[in-house]
Number of protein chains: 2
Amino acid sequence: MAKGGKTLGEEALQQVARRFAVLGEPMRLRILQSLMDGELPVNSLVEATGGTQTNVSRHLQTLAAAGLVARRREGAQVFYSVADPSIFELCELVCGGIRKSLAAQAGSLR
Amino acid sequence: MAKGGKTLGEEALQQVARRFAVLGEPMRLRILQSLMDGELPVNSLVEATGGTQTNVSRHLQTLAAAGLVARRREGAQVFYSVADPSIFELCELVCGGIRKSLAAQAGSLR
DNA sequence: CAAGCATATGCGCATATGATCATATTATGA
DNA sequence: TCATAATATGATCATATGCGCATATGCTTG
């Protein structure tokens, strides 16, 4: 290992930032959320998210390029699924953090 | 609670996305990393990250607005510290996910 | 109050990113 | 092969974002 596990090298840091950035998009989160219960074809994702076909498709490319979702072709359809379950743990953690932030804010406003 | 804990409402989703987006910046991650061992004044962060004073200050505003860092004034200096320790758990998780993605990639390239 | 250090902010620039339209690609079936 | 459905992609536009310069603000000390 290059580092003991504490400090990130510049390269790793870029990758971590990239992954956070990919997750930092409402539409992409909506897509991932829709995929929580299992794989879905693009048209279902379009319907589930309320986005346009073009846009959903683009975001799926972004997610796939980042290794967050996997593609599976079945006939004319393409099914996408979450490739990295840690995504949901991340969301849980973030939610918890947000709750704490709000609480702290509320406290300081008192 | 509005939701059982599974699906996020639109509002919560925006907040989660926002938090991820704030973390999705290399310089901001560098700043947070520099703050891992405790609070630091801006000039130390400038030195530690290699950024300009202007830029570091700006990113600190962003981080503070998102509730990720806390401000403490001491004389002419302003000390910043990590306000939400879950940040580091997030980074750990992301690192793990990236390792897995890379491994999966390597496997599919074989 | 003046001078000086530490930090923040208005402004402008360059680039990145998300959204949409039209069109291309890929696969199925008559 | 032609028509059609499902998905992807090139081109374009509008906006967001990061960056740096200059300057403003806040605080301390003489």
Side-chain angles (χ1 to χ4, degrees), chain A residues 10 13-35 38-83, chain B residues 10 13-35 38-83:
Chain A
E10 182 60 22
L13 190 135
Q14 298 277 347
Q15 288 195 311
V16 173
R18 176 60 189 163
R19 176 151 300 201
F20 277 132
V22 169
L23 291 173
E25 252 296 322
M27 177 59 78
R28 284 197 284 267
L29 286 185
R30 271 191 284 271
I31 291 174
L32 290 172
Q33 194 171 245
S34 302
L35 292 175
E39 65 176 4
L40 285 178
V42 178
N43 60 46
S44 294
L45 289 170
V46 169
E47 194 183 349
T49 61
T52 64
Q53 184 270 320
T54 298
N55 205 27
V56 169
S57 181
R58 263 192 217 296
H59 283 303
L60 284 169
Q61 305 310 308
T62 301
L63 288 166
L68 298 184
V69 300
R71 265 178 61 107
R72 183 177 70 84
R73 181 135 222 163
E74 184 173 319
Q77 290 185 313
V78 175
F79 285 79
Y80 283 88
S81 56
V82 173
Chain B
E10 181 60 21
L13 189 136
Q14 299 277 347
Q15 287 195 312
V16 172
R18 177 61 190 162
R19 177 151 298 199
F20 276 132
V22 169
L23 292 173
E25 252 296 321
M27 176 60 75
R28 284 196 285 267
L29 285 185
R30 271 190 284 271
I31 292 174
L32 290 172
Q33 194 171 244
S34 303
L35 293 175
E39 66 176 6
L40 286 177
V42 178
N43 60 46
S44 295
L45 288 171
V46 169
E47 195 184 347
T49 61
T52 65
Q53 185 271 320
T54 298
N55 204 27
V56 169
S57 181
R58 260 188 220 296
H59 282 303
L60 284 169
Q61 305 311 307
T62 301
L63 288 166
L68 298 184
V69 300
R71 265 179 61 110
R72 182 177 70 86
R73 181 136 223 163
E74 183 172 321
Q77 291 186 311
V78 176
F79 285 79
Y80 283 88
S81 57
V82 173

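In this structure, A:Ser57 reaches the bases: a heavy-atom distance under 4.0 Å links it to at least one base atom across the strands shown.
We find the OG-CD1 distance between A:Ser57 and A:Ile31 to be 9.0 Å, quoted to the nearest 0.5 Å. Annotation: the span from A:Glu39 atom CD to A:Leu45 atom CG amounts to 10.5 Å, rounded to 0.5 Å. Rounded to the nearest 0.5 Å, atoms CG (B:Leu35) and CG (B:Leu68) are 11.0 Å apart.
Between B:Ser34 and B:Ala48, the shortest heavy-atom distance links the atoms OG-CB, 3.7 Å. Minimum interatomic distance between B:Asn43 and B:Gln77 (heavy atoms only, all atoms of both residues): ND2-NE2, 3.1 Å. A pairwise comparison of heavy atoms in B:Ala66 and B:Val22 identifies CB-CG2, 4.0 Å as the closest pair. Scanning both residues, B:Gln53 and B:Val46, for their nearest heavy atoms gives CA-CG2, 3.7 Å.
Heavy-atom distances to DNA chain C give each of B:Gln77 and A:Gly24 a nearest nucleotide, and the one nearer the 5′ end belongs to B:Gln77. Taking the nucleotide of DNA chain D with the nearest heavy atom to each of A:Phe79 and A:Arg58, the more 5' of the two is matched to A:Phe79.
Along DNA chain D, read 5' to 3', the first and last nucleotides having any atom under 4.0 Å from a heavy atom of chain A are D:dA6 to D:dA11.
Rounded to an integer number of Å, the gap from CD of B:Glu39 to P of C:dA6 is 17 Å.
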Below 3.5 Å is the cut-off: list the nitrogen or oxygen pairs between protein and nucleotides 23-30 of chain C, distance only.
none

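Within 6.0 Å of the CD atom in A:Gln61, the count of heavy atoms belonging to other residues, nucleotides or ligands exceeds 12.
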